[in-house]
Engineer: 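The following block contains the structure, expressed as structure tokens.
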Amino acid sequence: MILNFDTMKVFYVERTPTEYDALYRDLPNAVHGIFQAARNIVEHYKGINKYRISPDRYHDIDINQPDSILQRLARSGVTSVIQPIPFEHKLVGHCLTIAIMALDMLRYKNIPSRLRYAYCTYFSEDIYPEQILIEYWCEDRQTWLLGDPSMNQEVLDHHQIAVNVDFCDVDTTLSQPIPWVWRQLRKGQLDYSMYRGIHDKQEKRQVLEEVARIFVNDLAMMNNLVLSIYDYVLFPYQSDHLSEELFYCLDEIADALLVSPATMVEYDESNLIRCQPSRVVRKSVFRQEEHVFDV
């Protein structure tokens with residue numbers, strides 16, 4: 001369902017205030033400054049300082065609530081998210097952690113925004129990894145843009161990646177939106193081996209199921225439900241073994257999103273396939289464990 005613009009703006013500035021919002025008091029209004037503040041909070045576990053991270057700090061990656069992260073910063077003596085935060089006080093995380101904080105800051109500034117998944121084409125020559133982007137309303141240009149808060153030129157230079165990227169307006173050829181990838185794969189117009197995902201799946205059906213699972217999580221993001229790439233929906237359907245019926249449903253949703261990329265697809269509780277996810281299994285890579293939770 002396509003929501004009108006005013007409804008979307010209200011929906012995508014919703015956030016829960018915390019007792020640590022004072023850490024945001026000096027936030028800039030510019031999106032690139034907000035992205036920089038989010039990276040200031042989080043030390044990416046694969047970033048330029050990855051060899052300095054002690055094993056016990058990897059447990060941070062399971063923390064994905066803004067209030068918990070802000071509380072952690074406040075207890076370590078941090079008073080502002082824009083002042084340089086020492087390495088030892090940063091939260092170890094990944095692109096989702098950074099995106100979650102950037103999203104919270106954007107909404108704190110009343111900038112309509114939502115999390116989205118994409119496949120990044122420039123990190124690796126033999127596989128396109130999943131990347132978390134932010135779709136936000138750019139008031140100056142009166143349009144929705146895709147931004148990548150977790151990346152900056154320093155990281156690209158460190159990895160010797162010769163690509164020019166505007167991280168506040170990411171080219172969709174560099175970070176391919178999930179709906180587009182899904183439709184092109186279904187039409188047989190992409191090399192499916194490039195999208196085999198975090199589980200290194202080789203068979204075409206397995207790859208389709210992996211991309212479909214990420215697509216399901218992307219739709220959850222659009223409905224303000226944060227699901228990581230390690231999350232599998234258990235109910236009302238199992239996203240680790242998705243049916244052909246769901247594939248056709250995703251075809252329809254992808255077509256709608258490709259026509260109007262900034263629309264919102266509402267859940268339909270009368271349709272089992274399109275019900276809102278209610279039970280999820282979350283896998284913790286570094287703790288080698290998983291748990292089931294209701295959402």
Engineer: Are W137 and Y12 close enough that their ring centers fall under 6.0 Å?
Structural biologist: no
Engineer: Rounded at 0.5 Å granularity, tell me how far CD1 in I178 sits from OH in Y117.
Structural biologist: 9.0 Å
Engineer: Evaluate the side-chain proximity of M151 to I98: yes if any heavy-atom separation is below 4.5 Å, no if none is.
Structural biologist: no
Engineer: Under a plain distance cut-off of 3.5 Å, with no hydrogens placed, do Q131 and S150 share a side-chain donor-acceptor pair?
Structural biologist: yes
Engineer: For a quick check under 3.5 Å, do Y24 and D104 share a side-chain donor-acceptor pair by atom type?
Structural biologist: yes
Engineer: Within the structure provided, determine whether D67 and T16 are in side-chain contact (heavy-atom separation under 4.5 Å).
Structural biologist: no
Engineer: So, R205 and E244, do they make that salt bridge, N to O below 4.0 Å?
Structural biologist: yes
Engineer: I'd like to know if the side chain of R25 reaches the main chain of A22, judged simply by a donor and an acceptor atom lying under 3.5 Å from each other, with no hydrogens or angles considered.
Structural biologist: yes
Engineer: Look up atom CD1 in I132 and atom SG in C120, then write down how far apart they are to the nearest 0.5 Å.
Structural biologist: 11.5 Å
Engineer: Apply the test side-chain contact (heavy atoms from CB on, under 4.5 Å) to residues N29 and K109: give CA-CA distance (whole Å), side-chain angles for both, the deciding distance (0.1 Å), then the verdict.
Structural biologist: CA-CA 7 Å; N29 294 320; K109 285 291 188 176; 3.1 Å; yes
Engineer: Judged by atom type as modelled, is there a donor-acceptor pair below 3.5 Å linking the side chain of N217 to the main-chain atoms of S228?
Structural biologist: yes
Engineer: State whether the side chain of R39 and the backbone N or O of P149 hold a donor-acceptor pair below 3.5 Å, judged by distance alone.
Structural biologist: yes
Engineer: Does a side-chain N-to-carboxylate-O contact under 4.0 Å join R213 and E209?
Structural biologist: no
Engineer: Does the cation-pi check pass for R279 over Y232, that is, NZ or CZ under 6.0 Å from the six-membered ring centre and within 45° of its axis?
Structural biologist: no
Engineer: Could you pull out the closest heavy-atom pair between N40 and P84, with the gap in Å?
Structural biologist: OD1-CA, 3.7 Å
Engineer: Any ion pair linking D21 and R15 (charged N to carboxylate O, less than 4.0 Å)?
Structural biologist: yes
Engineer: How far does CG of L23 sit from CG of L70, to the nearest 0.5 angstrom?
Structural biologist: 5.5 Å
Engineer: Are any side-chain N or O atoms of Q142 and backbone N or O atoms of E139, one a donor and one an acceptor, separated by less than 3.5 Å?
Structural biologist: yes
Engineer: Using the salt bridge (charged side-chain N to carboxylate O under 4.0 Å, His left out) rule, collect all pairs that involve residues 166-176, keeping only residues at least two apart or in two chains.
Structural biologist: R141-D169
Engineer: What do the steps show when you test Q71 against Y20 for side-chain hydrogen bond (donor to acceptor under 3.5 Å, both in side chains), and what is the final call?
Structural biologist: CA-CA 7 Å; Q71 180 187 64; Y20 306 102; 3.3 Å; yes
Engineer: Check whether K50 reaches the backbone of E43 with its side chain - one donor and one acceptor, N or O, closer than 3.5 Å.
Structural biologist: no
Engineer: Please state whether the rings of Y136 and F35 are parallel, tilted or perpendicular, taking 30° and 60° as the class boundaries.
Structural biologist: perpendicular
Engineer: Under 3.5 Å, is there a donor-acceptor pair linking the side chains of Q276 and N223?
Structural biologist: no
Engineer: Is any side-chain heavy atom of Y237 closer than 4.5 Å to a side-chain heavy atom of P277?
Structural biologist: yes
Engineer: Which other residues end up in the same hydrophobic cluster as V259, if Ile, Leu, Val, Met, Phe, Trp and Tyr are linked when side-chain heavy atoms come under 4.5 Å apart?
Structural biologist: none
Engineer: Regarding Y195 and E130, is there a side-chain donor-to-acceptor distance under 3.5 Å anywhere?
Structural biologist: no
Engineer: When you look at H94 and Y45, which way does the side-chain contact (heavy atoms from CB on, under 4.5 Å) test go after all the steps?
Structural biologist: CA-CA 6 Å; H94 43 44; Y45 80 102; 3.6 Å; yes
Engineer: Could you tell me if the side chain of R196 sits less than 4.5 Å from the side chain of D126, heavy atoms only?
Structural biologist: yes
Engineer: Over all heavy atoms of both residues, which pair between N224 and E14 is shortest? Give the atoms and the distance, please.
Structural biologist: ND2-OE1, 4.2 Å
Engineer: Looking at I61 and G93, what are the two nearest heavy atoms and their distance?
Structural biologist: CG1-CA, 3.9 Å
Engineer: Begin from the C-alpha positions of L227 and V280 and carry the test side-chain contact (heavy atoms from CB on, under 4.5 Å) through to its verdict.
Structural biologist: CA-CA 9 Å; L227 296 181; V280 174; 3.9 Å; yes
Engineer: Give the intermediate values and the outcome of side-chain hydrogen bond (donor to acceptor under 3.5 Å, both in side chains) for residues E88 and S76.
Structural biologist: CA-CA 9 Å; E88 60 272 15; S76 66; over 6 Å; no
Engineer: Given the rule that I, L, V, M, F, W and Y join up when any side-chain heavy atoms are under 4.5 Å apart, are V31 and L133 in one cluster?
Structural biologist: no
Engineer: Can you tell me how far the OH atom of Y108 sits from the OG atom of S113, to the nearest 0.5 Å?
Structural biologist: 14.5 Å
Engineer: Any salt bridge (charged side-chain N to carboxylate O under 4.0 Å, His left out) involving residues 218-232? Give me the pairs, sequence neighbours left out, ordered by first then second residue.
Structural biologist: R116-D218, D231-R282
Engineer: Can you name the nearest heavy-atom pair linking L190 to V181, along with the distance?
Structural biologist: CD1-O, 3.9 Å
Engineer: Please determine whether the number of non-hydrogen atoms from other residues, nucleotides or ligands lying under 6.0 Å from atom NE2 of H291 exceeds 12.
Structural biologist: yes
Engineer: Quick one: does L115's side chain get under 4.5 Å of V226's, heavy atoms only?
Structural biologist: yes
Engineer: Taking S243 for its side chain and L246 for its backbone only, find out whether a donor-acceptor pair lies under 3.5 Å.
Structural biologist: yes
Engineer: Does the Lys NZ or Arg CZ of R57 fall within the cation-pi geometry relative to F87 - under 6.0 Å from the ring centre and within 45° of the axis?
Structural biologist: yes
Engineer: Closest heavy-atom contact between V265 and M222?
Structural biologist: N-CE, 3.9 Å
Engineer: Do V13 and I111 have side-chain heavy atoms sitting under 4.5 Å apart?
Structural biologist: no
Engineer: To the nearest 0.5 Å, what is the distance between CG (D148) and OG (S175)?
Structural biologist: 5.5 Å
Engineer: Rounded to the nearest 0.5 Å, what separates atom CG in L219 from atom CG in L225?
Structural biologist: 11.0 Å
Engineer: Side chains of F215 and P179: closer than 4.5 Å at any heavy-atom pair?
Structural biologist: yes
Engineer: Any donor-acceptor pair under 3.5 Å linking the side chain of S260 with the backbone of L257?
Structural biologist: no
Engineer: Should we say atom CG of N164 is surrounded by more than 12 heavy atoms from elsewhere, each under 6.0 Å from it?
Structural biologist: no
Engineer: Does a side-chain heavy-atom distance below 4.5 Å link T97 with L91?
Structural biologist: yes
Engineer: Please say whether more than 12 non-hydrogen atoms of neighbouring residues, nucleotides or ligands are located less than 6.0 Å from CD in Q184.
Structural biologist: yes
